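Reminder, nothing fancy here: chain letters follow the sequence lines and each chain counts from 1. Model, not experiment: these values are computed from the prediction.
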Amino acid sequence: DTGVSQDPRHKITKRGQNVTFRCDPISEHNRLYWYRQTLGQGPEFLTYFQNEAQLEKSRLLSDRFSAERPKGSFSTLEIQRTEQGDSAMYLCASSALQGYEQYFGPGTRLTVT
Amino acid sequence: GNSVTQMEGPVTLSEEAFLTINCTYTATGYPSLFWYVQYPGEGLQLLLKATKADDKGSNKGFEATYRKETTSFHLEKGSVQVSDSAVYFCASPGTGGFKTIFGAGTRLFVKA
């Protein structure tokens, strides 16, 4: 078990471009979560999946954001028409069906110029 | 909904000093409570947890006791090391139970 992985680790993009991030959870974990963390703040929940079903989305997740987990394994988070306010660390976590412990990946740091 | 509030940092201590980072929660019922740690350049790691009132979570010399009377889950360590320098987050499941609600984080600096 190699833990949760995220790719890329860093992304610099120009305002208005689209970006896509990938998360590979711990293999036996059914639940997958996306969070956003800005400097000096705790992570804020964006969305979560149980298997391939997206069960909850935060109001933080505007229409420009979309997440998928097509086969219940890896997940992607796409941001369309990026804005400077999207600059943040995007964290992925996974958990088993039992319990609330979440295991986090290293994050993808997005910088929008 | 559920929320957690933790003391602001940064906290600067000398090696071997005693550490307390305060955390209080607001919740319906008695949710599980967690402390996560984020070392520089790394993702969050679960440090310890408590699943019910009066439980004590412990790991790596850190302890926290779930106190429902004061709705608190303060993090303590008797003797900090330079390697403990990190950001510490208090956390709890959100309403509905699956997402996690985090405090703003407390940055700890430990000087040799």
(message) Quick one about B/Gln6 and B/Thr106 (side-chain donor to acceptor, distance below 3.5 Å, no hydrogens or angles considered), yes or no?
(response) yes
(message) Just to verify, which of B/Lys60, B/Lys77, B/Lys111 counts as forming a salt bridge (charged side-chain N to carboxylate O under 4.0 Å, His left out) with B/Asp84?
(response) B/Lys77
(request) Using non-hydrogen atoms and a 4.5 Å limit, figure out which bit of A/Glu101 sits close to chain B: side chain, backbone, both or neither. (result) both
(message) Whether the side chain of A/Arg31 engages the backbone of A/Leu97 through a donor-acceptor N/O pair (distance < 3.5 Å, no angle test) should be reported.
(response) yes
(request) Verify the distance criterion only: is there a donor paired with an acceptor across the side chains of B/Glu42 and B/Gln45 at less than 3.5 Å? (result) yes
(message) What part of A/Tyr103 gets within 4.5 angstrom of chain B, counting heavy atoms only: side chain, backbone, both, or neither?
(response) neither
(request) State whether a side-chain donor-acceptor pair under 3.5 Å links B/Thr51 with B/Asp55. (result) yes
(request) Please flag which part of A/Gln6 lies under 4.5 Å from any non-hydrogen atom of chain B: side chain, backbone, both or neither. (result) neither
(request) Give, as side chain, backbone, both or neither, the part of B/Gln38 having an atom under 4.5 angstrom from any heavy atom of chain A. (result) side chain
(request) Against chain A, label B/Leu46 side chain, backbone, both or neither, depending on which of its atoms sit under 4.5 Å from a heavy atom there. (result) side chain
(request) Measure A/Arg109 against the heavy atoms of chain B and call it side chain, backbone, both or neither at under 4.5 Å. (result) neither
(message) At a 4.5 Å cut-off on heavy atoms, which part of B/Thr100 comes close to chain A: side chain, backbone, both, or neither?
(response) both
(request) Please say whether the positively charged group of A/Arg22, taken as NZ for Lys or CZ for Arg, lies over the ring of A/Phe74, i.e. under 6.0 angstrom from the six-membered ring centre and within 45 degrees of the axis. (result) yes
